[in-house]
Amino acid sequence: MGFSPTGLCAISWNANGLIGRVDDLREFIGRIKPDIVLLQETRLIANDSITIPNYTFYSTPSSTFHGRRCRGTAILIKSIINHQYIPNPNLHIILVNLPNIPPINFVSAYRPPYDTPALFTLDFESLYAYNSAIFIAGDLNAKHRSWNCTRTCTYGKQLLSFAKKTNARIIAPDTPTHFHYSGSTIIDIALARNMPYDTSAYALTDLSSDHLPVKFLIDTGTPPEIPKKFIPNWKKFKDYLIRQTEMTHPLQLHR
């Protein structure tokens with residue numbers, strides 16, 4: 001478990017290029033043991049893949065801009081967690097099934113700073129059609145004073161307005177997640193809808209990128225890893241006892 005036997009630990013991280021950082025990520029995951037890892041700006045192509053022991057990897061290939069790889073999202077999830085992958089050309093979606101609560105869609109999202117503002121929340125609107133409970137996390141390039149940014153941008157205004165209209169929550173850490181020569185800010189955040197669980201976010205000083213990984217602790221009240229049930233086979237056990245008895249105390253015939 002990532003933090004508690006009754007909740008989920010999700011990590012969101014803009015890798016700024018995953019090739020060359022896989023060993024660091026592998027060590028980080030081995031130490032933190034998150035249940036789900038949402039990655040952005042992987043810059044992986046269709047044939048690229050990474051292997052993390054005990055995790056399943058899903059990747060959306062990056063695109064090319066002026067001859068350079070850009071964008072690309074991915075998700076790593078503990079293989080033991082019951083889940084389904086939902087193909088989507090733009091975003092990575094994992095449907096997680098936990099015992100005793102409705103399924104939750106986890107989405108790794110990346111919004112480049114040069115995207116058209118008018119299209120900013122269109123993908124989010126389409127995602128709502130997949131499932132009512134949804135957790136979208138990633139580098140959204142949305143700044144707003146409501147989540148402790150020093151200034152507000154157009155994306156931040158749109159995201160806050162969208163969250164209010166759709167009864168969603170914006171979850172962000174208290175400290176900066178992105179560092180640039182022009183300053184630091186909080187743009188690696190989450191949008192949660194129909195998830196009535198206490199959720200906290202922390203920026204971790206780990207991994208090598210201009211973005212810090214963000215750790216989300218989601219107190220669902222149920223373990224994500226469903227233990228296998230042991231159902232005894234009483235007939236086989238009875239036969240075993242009989243064989244052991246015959247071997248230990250062989251039948252003696254008196255003449």
Side-chain angles (χ1 to χ4, degrees), residues 1-13 25 28-40 52-58 73-86 88 91-109 123-140 147 159 162-164 166-175 177 186 188-204 206 212-230:
M1 280 300 305
F3 79 105
S4 160
T6 61
L8 275 165
C9 173
I11 297 288
S12 176
W13 180 47
L25 178 62
F28 172 79
I29 289 176
R31 177 163 41 87
I32 302 297
K33 296 179 174 56
D35 299 302
I36 301 171
V37 181
L38 309 172
L39 300 168
Q40 304 87 46
I52 306 290
N54 304 315
Y55 284 79
T56 303
F57 178 71
Y58 302 95
T73 60
I75 291 181
L76 284 156
I77 182 169
K78 281 183 177 177
S79 301
I80 197 172
I81 296 177
N82 185 12
H83 70 278
Q84 290 87 44
Y85 166 60
I86 303 175
N88 183 290
L91 299 168
H92 253 304
I93 310 170
I94 294 292
L95 180 67
V96 175
N97 294 295
L98 303 177
N100 305 319
I101 67 171
I104 303 171
N105 276 7
F106 282 84
V107 181
S108 179
D123 280 335
F124 297 163
E125 290 181 28
S126 64
L127 288 172
Y128 283 178
Y130 284 97
N131 187 32
S132 60
I134 190 165
F135 187 87
I136 304 169
D139 175 7
L140 304 185
W147 50 89
L159 186 63
F162 178 75
K164 289 179 178 179
T166 59
N167 295 317
R169 290 182 295 148
I170 296 173
I171 304 166
D174 294 330
T175 55
T177 64
I186 303 171
D188 301 272
I189 57 181
L191 182 73
R193 182 171 182 258
N194 290 330
M195 290 184 57
Y197 315 115
D198 290 336
T199 304
S200 53
Y202 309 91
L204 305 179
D206 286 274
L212 295 179
V214 178
K215 183 177 184 179
F216 296 95
L217 304 180
I218 307 166
D219 190 5
T220 59
T222 186
E225 302 172 7
I226 304 175
K228 295 181 179 179
K229 293 182 179 179
F230 172 72

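Only heavy atoms go into these numbers, but all of them, side chains included; no hydrogens, no water, no symmetry mates. The structure presented is a predicted model; accordingly, all values stated were derived computationally and were not measured.
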Of Phe124, Tyr197, Phe106, the residue whose pairing with Phe135 passes ring pair (Phe, Tyr, Trp, His ring centres under 6.0 Å) =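 By the ring pair (Phe, Tyr, Trp, His ring centres under 6.0 Å) criterion, Phe135 pairs with just one of Phe124, Tyr197, Phe106: Phe106.
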
Quick one: [atom1] on [X] to [atom2] on [Y], what's the gap to the nearest 0.5 Å?
| X | Y | atom1 | atom2 | value |
| --- | --- | --- | --- | --- |
| Thr199 | Ile171 | OG1 | CD1 | 4.5 Å |
| Asn194 | Ile134 | CG | CD1 | 9.5 Å |
| Phe57 | Ile77 | CZ | CD1 | 13.5 Å |

Results of side-chain hydrogen bond (donor to acceptor under 3.5 Å, both in side chains) for Asn105 - residues two or more places apart only |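 For Asn105, no residue satisfies side-chain hydrogen bond (donor to acceptor under 3.5 Å, both in side chains) once neighbours in sequence are set aside.
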
Nearest heavy-atom pair of [X] and [Y]: which atoms, and what distance?
| X | Y | result |
| --- | --- | --- |
| Phe216 | Ile189 | CZ-C, 4.0 Å |
| Leu212 | Ala203 | CD1-CB, 4.2 Å |
| Ala201 | Val214 | CB-CG1, 4.2 Å |
| Leu38 | Val107 | CD1-O, 3.7 Å |
| Pro34 | Lys78 | O-CE, 3.4 Å |
| Ala109 | Gln40 | O-CG, 3.2 Å |

Any donor-acceptor N/O pair, [X] side chain to [Y] backbone, under 3.5 Å:
| X | Y | value |
| --- | --- | --- |
| Ser108 | Leu39 | yes |
| Arg193 | Tyr128 | no |
| Asp35 | Cys9 | yes |

